[in-house]
Amino acid sequence: MSVLSMKNIHKSFGELNVLKGINLEVNKGEVVAVIGPSGGGKSTLLRCATTLETIDKGEITIGGDTLAKDSDKGAVYCDRKTLQEIRGKFGLVFQNFNLFPHFSVRRNITESLIHVQKKSREEANQICDALLEKMGLSDKADSYPCNLSGGQQQRVSIARALATNPDIIFFDEPTSALDPELTAGVLKVIRELAEEHMTMVIVTHEMSFARDVADRIVFMDGGVIVEQGPAKELINNPKSERTKEFLAGY
Amino acid sequence: MDKLIPIITQLSQGLVYTIGIFALTLLFAIPLGLLVAKGRMSKNKIISSIVRVYISIMRGTPLMLQLLIVYFVPYYVFKLNLRDLVIGSLDYRFIATIIGFSLNYAAYFGEIFRGGIQSMPQGQYEAAQVLGFTKTQTYFRIILPQVIKRVLPSVTNEVITLVKDTSLAQVLSLTEMFTAAKKLASAQVSVLPFIVAGIFYYIMNGIIEIIMTRIEKKMNYYK
């Protein structure tokens with residue numbers, strides 16, 4: 001069953017065509033890594049899937065709900081209520097965390113549970129405690145983001161994304177803002193999620209991580225998917241010249 | 001001492017007006033300033049242009065003149081006699097002062113708030129959006145609390161200026177502290193009332209500084 005389905009996605013910023021007809025299906029339990037050079041459209045694709053950008057043309061469904069449908073006049077988006085439901089079905093982990101600095105770690109995680117998901121404070125706190133334990137941050141519940149290392153902040157933001165028990169989690173270069181020492185902790189958490197068969201789409205520049213953790217790798221360049229396939233195969237035996245060229249740099 | 005006591009009593013009566021103008025102006029100008037900031041940033045060109053002109057006039061002309069206009073325009077232009085209007089124990093003289101001050105300070109606060117709101121990283125809005133917060137929730141739970149911390153030093157500046165600006169109400173013959181000091185000085189042929197008034201203003205601002213520093217410290221729990 002596909003959790004995320006993106007069909008013939010077109011997106012341009014003014015004259016610049018960033019996505020030129022992307023098709024991407026992600027099945028339940030699948031881990032998909034999206035790799036490729038900067039400016040190739042990876043982040044834009046992720047932003048379109050997570051409602052941060054609107055597509056010009058194409059179709060997106062997430063967890064069975066249709067976010068955008070194609071029509072003669074381009075993509076038509078769902079109503080506000082469905083949009084709100086869809087936002088509860090996915091989580092997004094940003095490159096630079098985007099935690100709320102004025103909230104404690106606990107409140108960063110529970111605020112949307114209480115005020116968007118309308119869960120009770122007790123239930124939200126239980127979810128929060130369980131997630132923090134999983135992230136190895138049980139002692140940090142009352143800390144503020146500014147007192148945490150980058151790696152710890154990113155783990156909090158993963159916990160925040162997991163809190164709504166989403167069908168799928170998107171990662172936008174989750175380790176790019178971290179130094180190598182801190183990267184390991186974050187990758188370990190994502191690896192554990194993969195072992196639990198969490199459905200994930202990860203935009204990353206960590207090739208060995210992508211090879212080890214992802215089921216499938218998608219290589220994007222120039223607004224199109226150049227090549228995709230099983231992770232190890234794509235990394236070890238890329239078929240397209242462009243993929244070979246790109247991977248040679250790593 | 002014999003001279004000081006009547007000065008202090010009379011200035012204290014003026015001080016009631018001074019504090020009244022000060023407190024009511026803040027009460028109205030701060031929420032109005034938030035609206036001004038919102039209007040100035042509005043995507044609607046007509047709204048943002050109107051607000052822009054409003055800010056420009058409020059900042060570009062003397063507050064004293066604005067007070068006179070608020071006071072005299074209803075009568076001279078609209079033939080409305082508000083000068084005998086009394087609401088509770090407040091006459092139009094005082095009401096006009098509050099209107100004038102609030103409109104003027106809302107323009108300054110509006111620009112300070114706009115600066116604060118625009119300095120917020122886009123990522124905060126995006127994180128709130130994907131978590132499903134509504135626009136109103138995002139504004140009041142995520143953005144505004146952080147904006148308050150950012151604008152506090154500039155707001156302190158304005159608040160301190162406001163204490164001193166209350167003396168401009170003399171133009172509408174409102175007996176606030178400065179007018180009281182002037183009357184006393186000419187009656188007693190002495191500068192002592194001015195000195196005492198100066199000390200009063202300084203103490204008020206000293207208290208404001210202490211309070212604002214405390215608030216700033218309190219918000220220092222995060223960066």
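Model, not experiment: these values are computed from the prediction. A, B, ... follow the sequence lines: proteins, then strands. Residue 1 opens every chain.
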Interface check, chain B: of A/P101, A/P145, A/S112, A/C146, most non-hydrogen pairs under 4.5 Å belong to A/P101
_Looking at A/D129 and A/R106, is there a salt bridge between them, counting it only when a charged N and a carboxylate O are closer than 4.0 Å?_
yes
Using a 3.5 Å cut-off and no angle test, enumerate the donor-acceptor pairs between side-chain atoms of residues 156-165 of chain A and protein atoms at least two apart in sequence or in another chain.
{"residue": "A/S157", "atom": "OG", "partner": "A/Q154", "partner atom": "O", "Å": "3.1"}
{"residue": "A/S157", "atom": "OG", "partner": "A/Q154", "partner atom": "OE1", "Å": "2.5"}
{"residue": "A/R160", "atom": "NH1", "partner": "A/N98", "partner atom": "O", "Å": "3.2"}
{"residue": "A/R160", "atom": "NH2", "partner": "A/F97", "partner atom": "O", "Å": "3.4"}
{"residue": "A/R160", "atom": "NH2", "partner": "A/N98", "partner atom": "O", "Å": "2.9"}

Which of B/L27, B/L32, B/L26 passes side chain to side chain contact (heavy atoms under 4.5 Å, CB included) with B/I30? It is B/L26
Structural part of [X] lying under 4.5 Å from a heavy atom of chain B:
X: A/L99; answer: backbone
X: A/E111; answer: both
X: A/F100; answer: both

- Backbone of A/L178 reached by a side-chain donor or acceptor of A/T175 within 3.5 Å: no
So, the part of B/Q137 with a heavy atom under 4.5 Å from chain A: the answer is side chain
So, the part of B/Y221 with a heavy atom under 4.5 Å from chain A: the answer is both
*In terms of the angle between their ring planes, are A/H102 and B/Y222 parallel, tilted or perpendicular, with boundaries placed at 30° and 60°?*
tilted
